[in-house]
Amino acid sequence: MDIRKLFKSFRYAFQGVLHAFREQNFRFHVLVAIMVISAGWLTGLSQTEWFVIIIVIAIMLTLEMLNTAIERVVDLATSEIHPLAKQSKDLAAGAVLVFACASAIIGILIFLPKWMNLLT
Ligand SMILES: Nc1ncnc2c1ncn2[C@@H]1O[C@H](COP(=O)(O)OP(=O)(O)OP(=O)(O)O)[C@@H](O)[C@H]1O
């Protein structure tokens, strides 16, 4: 196993994460993730609930990074207006939206009953 090559790959992957942080949407998702984790810590979640929350956050951030990657590739492929370029970007953005909606529902299903219990 080539350890130097492995370290290089990690460095490139880390650079990818830094690129993501330059995107406003990604920073927004990170902020929401921090708020959800804080809410979970204050509310008190079971091990399974933490597992679900962490998986959902990880998938959300990963999708946002893939969306940015697709935008970059499309911009690299053409600087002209093209219906396929629009479809690619809108499909990628749509994928983020679909998962964001599912994440919001999962969040409500986990947190709402606990908050209702606190009120009653
Ligand atoms: N080359 C293109 N041809 C046709 N439509 C495009 C093209 N590039 C972008 N669009 C469309 O224009 C709209 C805005 O695209 P843009 O790339 O600015 O996306 P954005 O969501 O603002 O992304 P960014 O994170 O880069 O600001 C989207 O509907 C996108 O599909």
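This chain uses plain numbering: 1 for the first residue, then up along the sequence. One-based numbering, in listed order, for ligands and for the atoms of each. These values consider heavy atoms only, across backbone and side chains, with no hydrogens, waters or symmetry-generated copies.
- Heavy-atom separations between E80 and ligand 1 include at least one value shorter than 4.0 Å.
- Not a single donor-acceptor pair under 3.5 Å links the side chain of S79 to the backbone N or O of D75.
- In this structure, the protein non-hydrogen atom closest to atom 16 (P) of ligand 1 is K89 NZ, 4.0 Å.
- When side chains are defined from C-beta on, K114 counts as touching L45, because their heavy atoms get closer than 4.5 Å.
- Checking side-chain atoms of E49 against main-chain N and O of S46 turns up a donor-acceptor pair under 3.5 Å.
- Within a 4.0 Å radius of atom 13 (C) of ligand 1, the protein contributes no heavy atom.
- Remark: atom 26 (O) of ligand 1 lies closer than 4.0 Å to at least one protein heavy atom.
- When non-hydrogen atoms are compared, ligand 1 lies under 4.0 Å from the side chain of E71 (C-beta onward) but not from its backbone.
- The protein atom (non-hydrogen) at minimum distance from atom 4 (C) of ligand 1 is H82 O, 3.2 Å.
- Smallest separation of non-hydrogen atoms from I57 and A33: CG2-CB, 3.6 Å.
- Protein heavy atoms all stay at least 4.0 Å away from atom 18 (O) of ligand 1.
- Around CD of Q15, the count of heavy atoms belonging to other residues, nucleotides or ligands within 6.0 Å exceeds 12.
- Within the 4.0 Å cut-off (strictly below), a protein heavy atom is located near atom 9 (C) of ligand 1.
- Closest heavy-atom contact between F99 and L63: CB-CD1, 3.4 Å.
- Looking at K86 against ligand 1, both its backbone and its side chain come within 4.0 Å, counting heavy atoms.
- Listed for the S9 side chain is a donor-acceptor partner under 3.5 Å among the backbone atoms of K5.
- In this structure, E23 has a heavy atom closer than 4.0 Å to ligand 1.
- The shortest non-hydrogen separation linking S103 to M60 is OG-SD, 4.0 Å.
- Per-residue contacts place A85 under 4.0 angstrom from the following atoms of ligand 1 (heavy atoms of the residue considered): 1 (N), 2 (C), 3 (N).
- For ligand 1, the atoms sitting less than 4.0 Å from at least one non-hydrogen atom of D90 are 28 (C), 29 (O), 30 (C), 31 (O), numbered in the order shown with element in parentheses.
- Open room surrounds NZ on K8; 12 or fewer heavy atoms of other groups in view lie less than 6.0 Å from it.
- The distance criterion of under 3.5 Å between nitrogen or oxygen atoms is not met by D75 with respect to ligand 1.
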